[in-house]
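When a ligand or atom number is given, it counts from 1 through the structure's own listing order. For the single chain, residues carry numbers from 1 onward in sequence order.
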Amino acid sequence: MQVSPVIQGVLRCGAQRIDLREPKVMGVLNVTPDSFYDGGQHYSVTASGSKLLVDRALLSAEAMLGQGAAIIDIGGESTRPGAAPVTEQQELDRVVPVVEAIAANLDVVISIDTSTAQVITEAASAGAGLINDVRALERPGALAAAVASGLPICLMHMQGGPQTMQENPSYQDVVTEVGDYLRARIAAVHEASVGSSPQLLLDPGFGFGKTDEHNLELMRRLSELAELGYPLLIGVSRKSMIGRLLGRQPEQRLAGSLALAYAALVNGAKIIRAHDVAETRDIVKIFNCVMNK
Ligand code: 8Y7
């Protein structure tokens, strides 16, 4: 694989910085009614309940910050198979007030988990510091909006769409194909970034159009993706692969999540996206000790 000359180290996320010389934890904050693990916690269908829910989301973010999260990832659209689609306006209504509240009250980098151009733009002006798109900026306008924000962008690989991706995932060589896709998306971002140098993160997208064997192969050979020259972000927290490997429901998947996160750290991951920030932060600290840092 071709190596790109990218300065690994410090991400500039608007007013904040993230030093990736030591791995960081990204805490998950869903403001959806239907996410598979934490859905509904910060969501209500009544308009009168929305202020309360923003306050509750802020409390969750504050707790995660206290547990050592460097980044809080805010999502308003569930990508769970079978999840109800949301309109752009619904997504904006869910996430923008939460971004504003966190930006006004907490010193943490806010990541916006979205594929929608308008959400990228409005979240960035509300104080988001990072763009996390499971569709790698393929939706109309998303690439231009992300580039215009000047914020770091996480490009994730997915085979198919959320509704159908787990029906029959198929690859000749999963690592090569994920790498080829990410390289093409890196090129698209560079083409759209005339006169500026984009800050990119890459993610193989564990569980997004992959069998367990594909996920395990990606984990074993993660360092090959690190050779693309960009920091790797990985999300394995409580995913269904762990459920199948161990025969466990989402509430019982913490140990499996930490084991996979540690494997990812060993293989070069720089940001771990997780529901359980305190525990994930502990394994990052142990990793740093093992690495003699
Ligand atoms: C990931 C993600 C989800 C992931 C990145 C879940 C939004 C599903 N997973 N973003 N988002 N990487 N970058 O299980 O693996 O949390 S949602």
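Counting Ile, Leu, Val, Met, Phe, Trp and Tyr side chains that sit under 4.5 Å apart, directly or through other members, Met165 shares a hydrophobic cluster with Val134, Met156, Met158, Phe208.
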Q. When you look at Asp133 and Ser115, which way does the side chain to side chain donor-acceptor pair (under 3.5 Å) test go after all the steps?
A. CA-CA 5 Å; Asp133 185 4; Ser115 302; 2.5 Å; yes
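Among residues two or more places apart in sequence or in another chain, the salt bridge (Lys or Arg N to Asp or Glu O under 4.0 Å) test is passed with Asp107 by none. Applying the side-chain hydrogen bond (donor to acceptor under 3.5 Å, both in side chains) test to Asp173 and every residue at least two apart in sequence or in another chain returns Thr176, Arg221.
One N or O on the side chain of Thr211 and one on the backbone of His214 form a donor-acceptor pair closer than 3.5 Å.
Taking the six-membered ring where the residue is Trp, Tyr230 and His190 present tilted rings, their angle falling between 30° and 60°.
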One line per pair, note the atom names and distance for all nitrogen or oxygen contacts under 3.5 Å between ligand 1 and the protein.
from, atom 1, to, atom 2, distance (Å)
ligand 1, 9 (N), Lys239, NZ, 3.3
ligand 1, 9 (N), Arg273, NH1, 3.4
ligand 1, 10 (N), Asn132, ND2, 3.1
ligand 1, 11 (N), Arg273, NH2, 3.4
ligand 1, 12 (N), Asp203, OD2, 2.6
ligand 1, 13 (N), Asn132, OD1, 2.8
ligand 1, 13 (N), Asp203, OD2, 2.7
ligand 1, 15 (O), Gly235, O, 3.3
ligand 1, 15 (O), Lys239, NZ, 2.6
ligand 1, 16 (O), Arg273, NH1, 2.8

